[in-house]
2 protein chains.
Amino acid sequence: MPDDHPLLRKLDALSPLSDEDRRFLAQVVAHPMAVPARTDLIREGDRPHGVFVIVEGIACRYKILPDGGRQVLAFLVPGDFSDLDVDLLEVMDHAVGTLTPCRMVHVPARTVRDLLDAHLGIARAMRLAALGEAATSRQWLVNLGRRSCEQRLAHVLCEMLVRLRSVGLASETGYHFPLTQVDLADATGMTPVHVNRSFKALRERSLIEGWGRSIVIRDVAALEGVAAFDRAYLHRTGSTGSCSRSAPAGLRA
Amino acid sequence: MPDDHPLLRKLDALSPLSDEDRRFLAQVVAHPMAVPARTDLIREGDRPHGVFVIVEGIACRYKILPDGGRQVLAFLVPGDFSDLDVDLLEVMDHAVGTLTPCRMVHVPARTVRDLLDAHLGIARAMRLAALGEAATSRQWLVNLGRRSCEQRLAHVLCEMLVRLRSVGLASETGYHFPLTQVDLADATGMTPVHVNRSFKALRERSLIEGWGRSIVIRDVAALEGVAAFDRAYLHRTGSTGSCSRSAPAGLRA
DNA sequence: CGATCCGTTGACATCGGTCAACGGACGTGG
DNA sequence: CCACGTCCGTTGACCGATGTCAACGGATCG
């Protein structure tokens, strides 16, 4: 019962799966392959041929700019997967690659189609997961557009805590997070050295502890406060809970 | 034949529609309603009850932060529509509202379902449109994360040129664009006064002309250069064309 | 043992934000 | 028709957050 495959765990939480769905999925996902760190799974301009499911490690979506800069668009953690719309997508407008060594499954387009057509329960859960990823990406837009560097970093840390916890990879307050400061910089739109300084600031405020492969959040509520983090957006349930303040007609306060 | 409804025009370009599809769509979209500027169509936390199709004017998706700040997530121009996944969406994680006076159609969830189930051609085109919006939002992520203020503004202007042209609302080099500098600021993650200054800079470089309700781009190629704009991402056809530079394994240059 | 990668720190430069004032366009009420 | 208020664009002075450049040291790996 405690089939702790992160994909099952995640999907089941979004939309409870039948035993048959679980069995089918478990089979699809049975034989992960190892992929080294910093390896592209698919590049911008490639035509996608299936879906990648992350089983272990951290990957990301990213784009490279003409000047060589990189923007990380999203982190993919165990249980996450790349685009479902393989059939519609002609070419990737961004790349997907590993950041740390990963284990993952490549699900061929054919199987994906089958999964979505013949297993409605799975389809629903996966569609919900995709909506969740879209919501997260909107949060990132807010993060990059409207928050200070320290807040951005704090927000990422809060987000990862919630996401990793939901697949059993984080404790109440901490998790393993073996990313480079360069990676974080490319995700938060800052400079690597400023990532470092911001970490230092968060540490000095006693909001987090120890850096280096492992994050410990000393005061989750406080960190969420600093980041203006909204726990709700990662849970597709009931009302959102943030922004209770009256915001009439889209005008600024 | 030149049925210039922006929705038809846009969808037909993405995936050619049958005459019956066109007739059906034209009927769905027959009676637009007027909505004043700065009016919310749906708020964060609301449960969506259908899809809005913009026929005229400019709307946006946005989020309000606890401190009252606003981040515009996307512009919606004629032919664009709000979320197709009404059935899956419990609550909105962001708001949608007009920026200028608009004319639009509200398509009830029931009709949307019918549209997607019974009219595969339309469904395909609309799904492609949704993918296009996702691609655009990734561009915005890059914009906010990795570009200077002047570049961000230039990028928005380039994007709007392409998008408005594709629905016949822009000439070769210019278009009507009655947004406030505050709106632009909230979209580009800058300050209203800096939007002003950046406009001035672009004008002084002779890249654009006249501001005030109307944009004229004097040198499209140059502006796209400044913005590092990639025409391809708005056209779902063939290969992407940008980033020809070799970018091995996601490493920075 | 040397090369490389990564985190760390300091000094310095600058982009963009903040604060404040002004003026034109527009709408509203006297 | 005029007086006033409001919204918006514009500009200047100032300052702070963040980027840039450079150096160093520890860890890891061949």
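Convention: sequence-line order gives letters A, B, ...; per-chain numbering from 1.
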### Query
With a 4.0 Å cut-off, would you call A:R231 and A:E224 a salt bridge?
yes
Just how far, in rounded Å, is [atom2] of [N] from [atom1] of [X]?
X      : N      : atom1 : atom2 : value
A:R146 : D:dA17 : CZ    : C1'   : 16 Å
A:H194 : D:dT18 : NE2   : C1'   : 5 Å
B:F199 : D:dC8  : CZ    : C1'   : 13 Å
A:D67  : D:dT20 : CG    : P     : 10 Å
A:K200 : D:dT18 : NZ    : C1'   : 15 Å
A:Q151 : D:dT18 : CD    : P     : 9 Å
B:L99  : D:dC7  : CG    : C1'   : 16 Å
B:L179 : D:dC7  : CG    : C1'   : 15 Å

### Query
Can you pull the contact range of chain A along DNA chain C, 5' to 3', using atoms under 4.0 angstrom from its heavy atoms?
C:dC6 to C:dA11
### Task
To the nearest 0.5 angstrom, please state how far the CD atom of A:Q71 sits from the OG1 atom of A:T188.
8.0 Å
### Task
Calculate, to the nearest 0.5 Å, the distance between atoms CG and CD belonging to A:N143 and A:Q151 respectively.
8.5 Å
### Query
Base, sugar-phosphate alone, or nothing: which one does A:T180 contact when heavy atoms must sit under 4.0 Å apart?
sugar-phosphate
### Task
Give me the one residue out of A:L153, A:L157, A:L99, A:N196 that meets side chain to side chain contact (heavy atoms under 4.5 Å, CB included) with A:L184.
A:L153
### Task
Answer with yes or no whether the side chains of B:D183 and B:Y62 bring together a donor and an acceptor at under 3.5 Å.
no
### Query
Taking atom types as modelled, is there a side-chain donor on A:H176 or A:R213 under 3.5 Å from an acceptor on the other?
no
### Query
D:dT28 base to A:R213 side chain: any donor-acceptor pair below 3.5 Å?
no
